[in-house]
Asks: 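Just passing along the structure, written as structure tokens.
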Amino acid sequence: MKRHFTYIIALLVASSTALMTQSCKDDFFELVDHGGLDARIWENEGAIEYYLAGTYSMIMPSHPHEVTTNDMQMHYASDENYFSGTNAASKKVLGLSGEITLNDVKYIATKYQGTNIGDNRYFDIARCNNAIAYIPAGSLPPEVKKKFLGQFYALRAIVYFELTRLYGGVPLVLDPQNPDKLELSGRVSAKACFTQIVSDLDAAMTNLDGVTWDDGTGRGKITKAAAAALKAKALLYWASPQFNPTDNASHPYEAQRWQTAFQASKEAYELCQAAGRALMPNYNEIFLKEGIANTEAVLLRSYSATSPKRYTIVERASRPASEGGAPADYYVPTTLLLKAYRMKDGTPASGDNLLYDDALFWKNRDPRFKNTIVYNGADWPLSGKTGRKQWNYTNADGESSIKSFYCKKFVNPSLSSASVGIFNDIGGNGMDWIEIRFAEVMMNYAESANETGDLALAKELVRSIRQRAGIEQGKYDYGLSLAANKEQMRDLLMNERQIEFAFEGKRYHDLRRTRRMHTLEGTIQTYLFETKSDALKKKLEAKNAAGIMHRESLDMNNRDTVLNYFKYPYNLRTESANGAFAFRDYYYFYPLPNTFMSSSPLLEQTIGYEGGTFDPLNN
């Protein structure tokens with residue numbers, strides 16, 4: 001095998017030495033790398049901790065849209081956010097404009113070597129492979145080895161899971177690679193990948209049994225409960241239509257997969273409960289609370305507003321310009337998301353529902369609506385300003401870069417506008433990213449329960465989530481009595497996930513996992529708020545003797561008031577170049593990019609794409 005076929009193995013020999021030598025002054029880390037890590041690292045707990053921290057940094061998922069290189073934002077494309085209709089890569093995913101070509105989905109790798117997130121996912125795998133292979137031979141106490149091994153097994157599983165749900169089967173490299181004796185292999189099936197993912201997570205659970213972490217120094221580290229939640233999630237995917245279609249004669253449906261997913265989900269739910277995980281009492285505090293105060297966080301990536309280079313841009317991308325923000329379209333809801341929210345009694349928002357008024361579409365809705373979405377005239381006490389309202393109508397005085405809507409979910413309302421920006425690599429709100437929260441563990445459990453015939457358990461779990469949200473019991477048992485069978489409950493669960501996890505980056509993967517992406521109808525649009533005339537705009541912005549604009553006194557829940565000042569029906573904002581959703585069925589598994597394909601003659605391209613022969617669902 002020629003040495004230049006090195007894409008898959010480029011850093012399987014230990015790329016991480018370069019990462020560590022950049023910032024550590026200890027001579028131990030300044031040893032020249034001769035193709036592998038110095039063996040003494042595995043004898044030193046502090047050295048392994050440093051190596052592990054770098055591995056977490058490369059692998060643990062971040063706030064959606066935090067990483068923008070290599071078209072990473074295409075993996076949040078859905079009917080949820082307006083950005084999906086303005087971003088070129090996202091439009092390809094949805095079929096709104098153009099088609100995915102062989103070099104478009106670069107998640108797996110973009111370089112032979114590199115030290116940045118997303119350069120090459122096999123670099124990340126290499127870090128785990130090194131630790132898993134060499135820690136057992138070291139001289140550290142067994143209990144210390146186990147806590148390290150458990151985390152590395154789980155981190156490797158995370159990487160392979162992300163690759164598998166996108167590409168459907170990738171080269172499975174599990175050992176450190178020797179550059180003088182390369183062991184390249186082609187793609188393995190999705191089944192082989194999921195088997196390994198589950199095996200790694202079982203190993204993580206075994207090694208992390210009884211391990212607890214200090215809330216300060218250990219925040220964000222993987223626990224046994226987190227590994228169990230990851231395993232349940234992986235098995236949910238393996239049972240779902242993306243990998244377990246019900247209408248593919250070449251790949252017969254396997255009902256048993258749902259039973260396996262159910263058992264894993266039940267175990268994860270019980271382990272999380274035993275570890276003190278529970279729904280947060282208030283939906284609007286899920287991301288605001290950190291540390292032991294947040295009972296919902298199962299797996300997270302820790303951020304900080306006061307530690308250099310540990311900031312997040314999420315606050316700045318969410319806030320209006322008047323309060324220090326640079327608002328982004330990926331936090332602007334589409335009309336499809338707005339309509340997906342139920343009413344306050346859990347019933348659908350439709351014209352025949354007496355609770356619903358299309359002119360006041362924000363009124364009488366599921367409380368998660370107002371706790372997530374900021375509409376024109378909504379209360380939003382930013383920068384600690386009690387009674388503050390947000391005005392989103394076109395050319396509203398006091399605003400620039402106006403968005404029709406904003407997202408509350410990742411905003412700290414008490415943070416001053418001056419603290420929103422990033423200066424000298426410090427700032428923002430430091431809000432931790434919760435990759436898996438207890439609500440998702442419950443939803444996964446509910447879905448697997450429904451698919452295995454336990455409709456009552458599925459409803460019981462969703463009922464708890466809707467009660468926490470503040471939905472009223474009403475005549476329809478929080479809306480749950482509208483689902484009388486498995487099929488109706490399946491739709492209800494998808495809707496519940498769409499609302500509960502709005503803007504958390506789940507919708508794209510849920511649509512792919514359930515093979516519903518191609519069922520999307522319409523296009524990406526959002527409402528525009530406009531005053532009926534310049535004269536009325538002036539009236540709204542006229543100030544009284546105290547300098548307060550007239551608009552501050554408006555009751556935006558009064559239909560006559562809204563219709564007096566604002567155009568209705570509301571106009572729509574639509575990207576002019578977009579067509580309707582036209583997702584291609586073969587997009588459920590992406591092509592390997594050309595740069596990765598050229599790394600080895602053993603790699604096959606995914607079926608559906610030019611030259612494709614690899615079927616991810618074949619065993």
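This structure is a prediction, so every number in the text was calculated from the model and none was measured.
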Asks: To the closest 0.5 Å, what do you measure between OG1 (Thr55) and CZ (Phe148)?
Replies: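 Atom-to-atom, Thr55:OG1 and Phe148:CZ are 11.0 Å apart.
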
Asks: Between Phe410 and His63, how do the two ring planes meet: parallel, tilted or perpendicular, split at 30° and 60°?
Replies: perpendicular

Asks: Quick check: are there more than 12 heavy atoms from other residues, nucleotides or ligands sitting under 6.0 Å from CG of Asn424?
Replies: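 Result for CG/Asn424: open.
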
Asks: Give the ring-plane orientation class for Tyr341 versus Phe369, where under 30° counts as parallel, over 60° as perpendicular and anything between as tilted.
Replies: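 Taking Phe369 first and then Tyr341, their aromatic rings stand perpendicular (interplane angle over 60°).
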
Asks: Please tell me whether Trp433 and Phe287 form a close aromatic pair, meaning their ring centres lie under 6.0 Å apart.
Replies: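 Between Trp433 and Phe287, the centre distance is under 6.0 Å.
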
Asks: Can the ring centres of Phe596 and Tyr167 be said to be less than 6.0 Å apart?
Replies: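 Ring centroids of Phe596 and Tyr167 are no less than 6.0 Å from each other.
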
Asks: Please report the shortest heavy-atom distance between Val93 and Tyr587, naming the atom on each side.
Replies: O-CD2, 3.5 Å

Asks: So with a 6.0 Å cut-off around NZ of Lys389, is the heavy-atom count from everything else above 12?
Replies: yes

Asks: May I ask you to check whether Tyr330 and Phe83 place their ring centers less than 6.0 Å from one another?
Replies: yes

Asks: Distance only, no hydrogens: is a donor on one side chain within 3.5 Å (strictly under) of an acceptor on the other, for Gln390 and Glu399?
Replies: yes

Asks: Ignoring hydrogens and geometry, is there a side-chain-to-backbone donor-acceptor pair from Tyr406 to Lys403 under 3.5 Å?
Replies: yes

Asks: Please name the pair of heavy atoms, one in Ile197 and one in Ala234, separated by the smallest distance, quoted to 0.1 Å.
Replies: CG2-CB, 4.0 Å

Asks: Can a salt bridge be assigned to the pair Lys147 and Glu143 using a cut-off of 4.0 Å between side-chain N and carboxylate O?
Replies: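 Here Lys147 does not pair with Glu143 in a salt bridge, since their nearest N and O are not under 4.0 Å apart.
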
Asks: Closer than 4.0 angstrom, basic N to acidic O: yes or no for Asp510 and Arg513?
Replies: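 Yes, charged N to carboxylate O under 4.0 Å.
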
Asks: Establish, yes or no, whether a centroid distance under 6.0 Å links the rings of Tyr76 and Tyr508.
Replies: no

Asks: Could you check whether Tyr331 and Tyr82 have their ring centres less than 6.0 Å apart?
Replies: no

Asks: What's the shortest heavy-atom distance between Asn207 and Ala203, and which atoms?
Replies: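 Smallest heavy-atom distance, with atoms named: ND2-O, 2.8 Å.
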
Asks: Within 45 degrees of the ring normal and closer than 6.0 Å to the centroid, is that where the cationic atom of Arg121 sits relative to Tyr107?
Replies: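 Checked: cation-pi criterion met.
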
Asks: Between the main-chain N or O of Asn284 and the side-chain N or O of Asn282, is there a donor-acceptor pair closer than 3.5 Å?
Replies: no

Asks: Less than 4.0 Å between a side-chain N and a carboxylate O, is that true for Asp432 and Arg301?
Replies: no

Asks: Under 4.0 Å between a side-chain nitrogen and a carboxylate oxygen: does that hold for Asp329 and Arg573?
Replies: yes

Asks: Does the distance from a Lys or Arg side-chain N to an Asp or Glu carboxylate O, for Asp79 and Arg507, drop under 4.0 Å?
Replies: yes

Asks: A quick test of your reading: do over 12 heavy atoms of other residues, nucleotides or ligands sit less than 6.0 Å from CG of Asn395?
Replies: no

Asks: So, taking the atom named CZ in Phe161 and the one named CG in Leu166, what distance separates them when rounded to the nearest 0.5 Å?
Replies: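 Between Phe161 CZ and Leu166 CG, I get 9.0 Å after rounding to 0.5 Å.
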
Asks: Could you check whether Arg437 pairs with Glu500 (Lys NZ or Arg NE/NH1/NH2 to Asp/Glu carboxylate O, under 4.0 Å)?
Replies: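 Answer for the salt bridge query: yes.
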
Asks: Classify the side-chain pair Thr334/Gln525 by whether it contains a donor and acceptor separated by less than 3.5 Å.
Replies: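 No pair is found: no donor N or O on one side chain lies under 3.5 Å from an acceptor on the other.
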
Asks: Got a sec: does the NZ of Lys370 have more than 12 other heavy atoms crowding it under 6.0 Å?
Replies: no

Asks: Using the side chain to side chain donor-acceptor pair (under 3.5 Å) rule, take Ser302 and Arg310 through it: C-alpha gap first, then chi angles, then the decisive distance, then the call.
Replies: CA-CA 8 Å; Ser302 180; Arg310 289 190 59 200; 2.9 Å; yes

Asks: Does NZ or CZ of Arg127 lie under 6.0 Å from the centre of the six-membered ring of Tyr51, at an angle within 45° of the ring axis?
Replies: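 Positive - Arg127 is close enough to the ring of Tyr51 and near enough to its axis.
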
Asks: I'd like to know if Arg468 pairs up with Glu296 as an ion pair, taking the criterion as any Lys NZ or Arg NE/NH1/NH2 lying under 4.0 Å from an Asp or Glu carboxylate oxygen.
Replies: yes

Asks: Going from CG on Asp119 to NZ on Lys106, what distance comes out if it is rounded to the nearest 0.5 angstrom?
Replies: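 Nearest 0.5 Å value for the CG-NZ distance: 13.0 Å.
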
